[in-house]
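The structure appears below as structure tokens.
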Amino acid sequence: MSLSLTEQLNERRQGRAPSQLNKQRYPIYGAMLDGAAPTSENRPLTWRLAHQEAVLDLATYQALDGFKGLKIALNQSAKEALTTIKDSVVKGRGGAGFPAGLKWTFMSPPDGGPRYLICNADEMEPGTFKDRLLMERLPFQLIEGMLISAYAINANAGYIFIRGEYILAAERLNAAIAELRENNLLGDNILGSDFSFELHVHTGAGRYICGEETALINCLEGRRANPRTKPPFPQVSGAWGRPTVVNNVETLNNMPAIMIHGSEWYKALPKDKGASETPGTKIFGCSGLVNDPGLWELPFGYSARDIIEELAGGMKDGRKLKAWLPGGASTDFLTTDHLDVVMDFDPIQNAGSRLGTGLIMVVDEAQDMVELQHNLQTFFQRESCGWCTPCRDGLPWGVKILDAMKSGQGQLGDVEKLQGLTRDLWLGKTFCAHAPGAMEPLMSALKYFRHEFDEKIDQSVGVQVIDAAAASPTQAQAQVAK
């Protein structure tokens, strides 16, 4: 839903944030249900959006504590800044959940040569749009986070590898970079220090596989976007053979607040609901046929029910929830029995899925699971880089089976073939995690909704028997015998 500037300002005055999807009942900057004001201490990622619809110029960003975190970092040694980030235990927000600071410690020691920091902004996970929010509305915050991170790891050059379709985000990032160069916040001797850093926006050509960090690096170098063999890991030999760190947009956005308030604050950030040992906040979201699809910055501890029924306003038009994906299309389906599971890394994993990007996709009772799987598997098949045989040939085979089932041409044994695929394309049997990620929604759909697949086969076989009877009674008897 597109709102005029006047309408957006009116929404803001009423305590609501405008959304391209809907008029959300709760503001995008944190869903402060207790009425408390969002601040850098309780909603570190989005609190500035309580003051501005978007912060797009340096003066406004600096008026809202912009680059305060960078100045604190530059008054420390790089080792001290790295220790602060490591002690905060900020987990990667791209889906893996690996602690960023710990990841940085694996870098080879400085040797006088180039060292790179890459921001993975290639947000192509279906159902995920949180990084877009941060880049379009808070471009300076991402860049400050990258400057702090680069200083901590002694990187002297960086790239924002952004999804090609994010045209507005790329424009705003480039405009922010140009303004920062003019004000000695990028380039040589930043703010009069010994720290120098160059930053560039690189627009990708559009491949889902670039979410894998080594495929992203290959693409950045101008090569085909195939994953690399690991080891060596990028921290040792990454872009152009040099030590490289790759982190997600949301992960890097955490760094300014951590430098301002410290690691102990980050770990002790109060929880609104439930209990969680995961530090910090996360941008959660919900899409699909709910009343208020959108994004909300929340501390860990909220359940899926809290997000779907309270923040997203429940299912639309009286529809009934059937299943939900916790964090994008490459996570396992969960059901209504799992609604009270806390949206956190370990609880979601214990329930049989992955937190992934933390953006829930809902499926209502009217949606055909076979049709839905055909749609998802078609996407994953198309986005395979083709490097390894199981993924290159296995995913199209799955799509072919699902297409036959969907169009009434399924055969007895097709469901078993799909189950076999989920085993043959699982972790350890393919070169990277692309095919296993594709198998997660299929595997869980077969686990919870096997009857929908069987019904397709029964209908197909029944039609085939009728057709055979019309052609020849003998053929019909043979079909029944099978």
Side-chain angles (χ1 to χ4, degrees), residues 78-79 81-82 85-86 90-125 131 135 142-143 145-164 170 173 177 186 195-255 385 387-388 430-434 437:
K79 184 177 181 180
L82 175 56
I85 302 300
K86 181 183 175 184
V90 54
K91 294 186 176 182
R93 303 298 201 246
F98 191 82
L102 181 60
K103 181 179 183 177
W104 298 355
T105 63
F106 300 150
M107 285 192 84
S108 299
D111 59 3
R115 295 163 68 84
Y116 299 106
L117 171 66
I118 300 175
C119 171
N120 184 351
D122 195 63
E123 189 175 44
M124 286 192 66
E125 178 72 18
D131 295 343
M135 290 186 289
L142 170 58
I143 296 170
M146 291 191 70
L147 284 165
I148 293 168
S149 305
Y151 178 70
I153 63 175
N154 294 286
N156 46 32
Y159 295 88
I160 300 174
F161 188 103
I162 191 169
R163 177 179 175 178
L173 285 166
I177 288 171
L186 273 176
F195 173 54
S196 299
F197 185 71
E198 282 294 342
L199 182 61
H200 311 275
V201 174
H202 179 91
T203 303
R207 295 296 298 185
Y208 177 74
I209 196 64
C210 289
E212 200 282 336
E213 61 181 7
T214 60
L216 182 155
I217 291 171
N218 270 342
C219 187
L220 182 65
E221 293 179 353
R223 305 172 187 271
R224 180 170 174 152
N226 292 336
R228 296 179 180 180
T229 302
K230 294 182 284 189
F233 291 91
Q235 294 94 318
V236 176
S237 178
W240 297 283
R242 298 296 304 168
T244 304
V245 159
V246 182
N247 276 119
N248 170 260
V249 169
E250 186 184 353
T251 308
L252 294 166
N253 270 266
N254 280 274
M255 305 311 164
C385 76
W387 181 250
C388 68
T430 59
F431 193 76
C432 78
H434 177 77

CE on M255 to CG on L147, rounded to 0.5 Å: 12.5 Å
Non-hydrogen side-chain atoms of T214 and K230 separated by less than 4.5 Å: yes
Residues F98, K91; criterion side-chain contact (heavy atoms from CB on, under 4.5 Å); working and verdict: CA-CA 5 Å; F98 191 82; K91 294 186 176 182; over 6 Å; no
Residues E198, L186; criterion side-chain contact (heavy atoms from CB on, under 4.5 Å); working and verdict: CA-CA 6 Å; E198 282 294 342; L186 273 176; 5.6 Å; no
Short side-chain to backbone donor-acceptor contact, E250 and G94, under 3.5 Å: no
Test item: V249 and N120 side chains (from C-beta on) under 4.5 Å apart, heavy atoms: no
Closest non-hydrogen atom pair, A78 against N154: CB-OD1, 4.0 Å
Flag side-chain contact, heavy atom, 4.5 Å: C119 against F161: no
Rounded distance [0.5 Å steps], NE2 in H200 versus CG in L173: 14.0 Å
Short N-O contact, R93 and E125, less than 4.0 angstrom: no
OG1 on T244 to CD1 on I153, rounded to 0.5 Å: 8.5 Å
Backbone of P243 reached by a side-chain donor or acceptor of R115 within 3.5 Å: no
Stepwise side-chain contact (heavy atoms from CB on, under 4.5 Å) check, R163 with T203: CA-CA 6 Å; R163 177 179 175 178; T203 303; over 6 Å; no
Close side-chain approach of C219 and R207, heavy atoms under 4.5 Å: no
Shortest non-hydrogen separation from N156 to G113 and the atoms involved: ND2-O, 3.8 Å
Pair L199-L117, side-chain contact (heavy atoms from CB on, under 4.5 Å): steps then yes or no: CA-CA 9 Å; L199 182 61; L117 171 66; over 6 Å; no
pair I162-D131: side-chain heavy atoms closer than 4.5 Å: no
For L82 against G101, the heavy-atom pair lying closest together: CD1-O, 4.0 Å
Pair Y159 + H202: ring centers closer than 6.0 Å: no
Nearest-0.5 Å distance, CG of residue N254 to CG of residue N247: 10.5 Å
Nearest heavy atoms of I209 and C385, plus distance in Å: CG1-CB, 4.2 Å
Residue pair S149 / W104, side-chain heavy-atom distance below 4.5 Å: yes
Smallest separation among heavy atoms of F195 and A150, with atom names: CZ-CB, 3.9 Å
Evaluation steps, salt bridge (Lys or Arg N to Asp or Glu O under 4.0 Å), between E213 and R228: CA-CA 9 Å; E213 61 181 7; R228 296 179 180 180; over 6 Å; no
Close side-chain approach of Q235 and T105, heavy atoms under 4.5 Å: no
Shortest non-hydrogen separation from A225 to C210 and the atoms involved: CB-SG, 3.8 Å
Separation of N248 CG from I118 CD1 (nearest 0.5 Å): 13.5 Å
Inter-residue atom distance N218.CG - R223.CZ, 0.5 Å rounding: 6.5 Å
F197 side chain near Y151 side chain, heavy-atom distance below 4.5 Å: no
K86 side chain to K103 backbone, donor-acceptor under 3.5 Å: no
